[in-house]
Amino acid sequence: MISLSKLTRHIQATNTPTLIPLPSWLTIPNLELNFGTIGAILYSGFYILLEPVAGTALLPIIIGWTAYANHLTTVSSRSANQAAIAIEIVAWVAQFVGHGVYEKRAPALLDNLLQAFVLAPFFVFIEGLFMLGYRPELQKRVNAQVVKEIKKFRASKEATNGSAKNGKAQ
């Protein structure tokens, strides 16, 4: 069992406690079973279930980022966290500005949280693979579905704008 003082020191060093202490022979450096590592494993597993080849290609990237993040928070917790928070804020502001200015609509975050936090990153990765020639038949199916969703969105937007204009005219 982990003592309270040891757990407190560990939390201060890595931001999240090791949820499941493992024997040293089963421990991978910088991949202790904390919230970040467990989240990375869940994301990777879900992506592999969605698209086995692309998910497996993304697995080492996700796990590598997780190990590096765990390493950074161990080495310099305060500055790593400050940099991560600053990058996160800038990225969210850029996303909201980009959606508002260029798409003239709210980001998917406001429509569907699962899509925004889980599916969108994988979609972006697969779009990159498509540019490299990955599974052209899947790309055609995805593009057809995207076109269908865009048409549906535009139709609903026109219907909303039409009813708003009719309401003002009366």
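In what follows, residues are counted from 1 in the order of the sequence shown. Keep in mind that the numbers below use all heavy atoms, side chains included, and drop hydrogens, waters and symmetry copies.
Counting only heavy atoms from C-beta outward, the side chains of Tyr134 and Val53 approach each other to under 4.5 Å. The closest side-chain heavy-atom distance from Arg141 to Gln145 is not below 4.5 Å.
Atom OH of Tyr43 is separated from atom CG of Leu59 by 15.0 Å, given to the nearest 0.5 angstrom. Within the model, atoms CD1 of Ile63 and OG1 of Thr37 stand 7.5 Å from one another, a figure rounded to the nearest 0.5 Å. Between the CD atom in Glu32 and the OG1 atom in Thr74 there is a gap of 6.0 Å [rounded to 0.5 Å]. The distance from the CG atom of Leu138 to the CG atom of Leu129 is 10.0 Å, given to the nearest 0.5 Å. The line from CG of Leu42 to CZ of Phe35 is 12.0 Å long, rounded to the nearest 0.5 Å.
Residues Pro52 and Thr56 come closest through the heavy atom pair O-OG1, 2.6 Å. Pairing each heavy atom of Pro121 with each of Ala116, the nearest pair is CD-O, 3.9 Å. In this structure, Ile48 and Gly55 approach most closely via the heavy-atom pair CG1-C, 3.5 Å. Here the closest heavy-atom approach between residue Tyr47 and residue Val118 is recorded as OH-O, 2.6 Å.
The backbone N or O of Val97 sits nowhere less than 3.5 Å from a side-chain atom of Tyr102 that would complete a donor-acceptor pair. Between the side chain of Ser156 and the backbone N or O of Phe153 there is at least one donor-acceptor pair closer than 3.5 Å.
Clustering ILVMFWY residues whenever any of their side-chain heavy atoms sit less than 4.5 angstrom apart, transitively, puts Val142 in the very cluster that holds Ile150. Connection of Leu114 to Phe123 is established within a shared hydrophobic cluster, with ILVMFWY side chains joined at heavy-atom distances below 4.5 Å, either directly or through further cluster members. In this structure, Val101 is a member of the same hydrophobic cluster as Val93, with clusters built from ILVMFWY side-chain heavy atoms closer than 4.5 Å. Criterion: ILVMFWY side-chain heavy atoms under 4.5 Å apart, direct or through other members. Under it, Ile126 and Val147 are not part of a common hydrophobic cluster.
Around CD1 of Ile28, the count of heavy atoms belonging to other residues, nucleotides or ligands within 6.0 Å does not exceed 12.
Glu137 and Lys140 are not joined by a salt bridge, as no carboxylate oxygen comes within less than 4.0 angstrom of a charged side-chain nitrogen.
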Step-by-step side chain to side chain contact (heavy atoms under 4.5 Å, CB included) determination, Phe125 to Ile62: CA-CA 11 Å; Phe125 180 73; Ile62 292 173; over 6 Å; no
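Put simply, the residue from Asn30, Leu31, Ile41 that forms a side chain to side chain contact (heavy atoms under 4.5 Å, CB included) with Thr66 is Leu31.
The aromatic rings of Phe96 and Trp92 sit tilted, their planes meeting at an angle between 30° and 60°.
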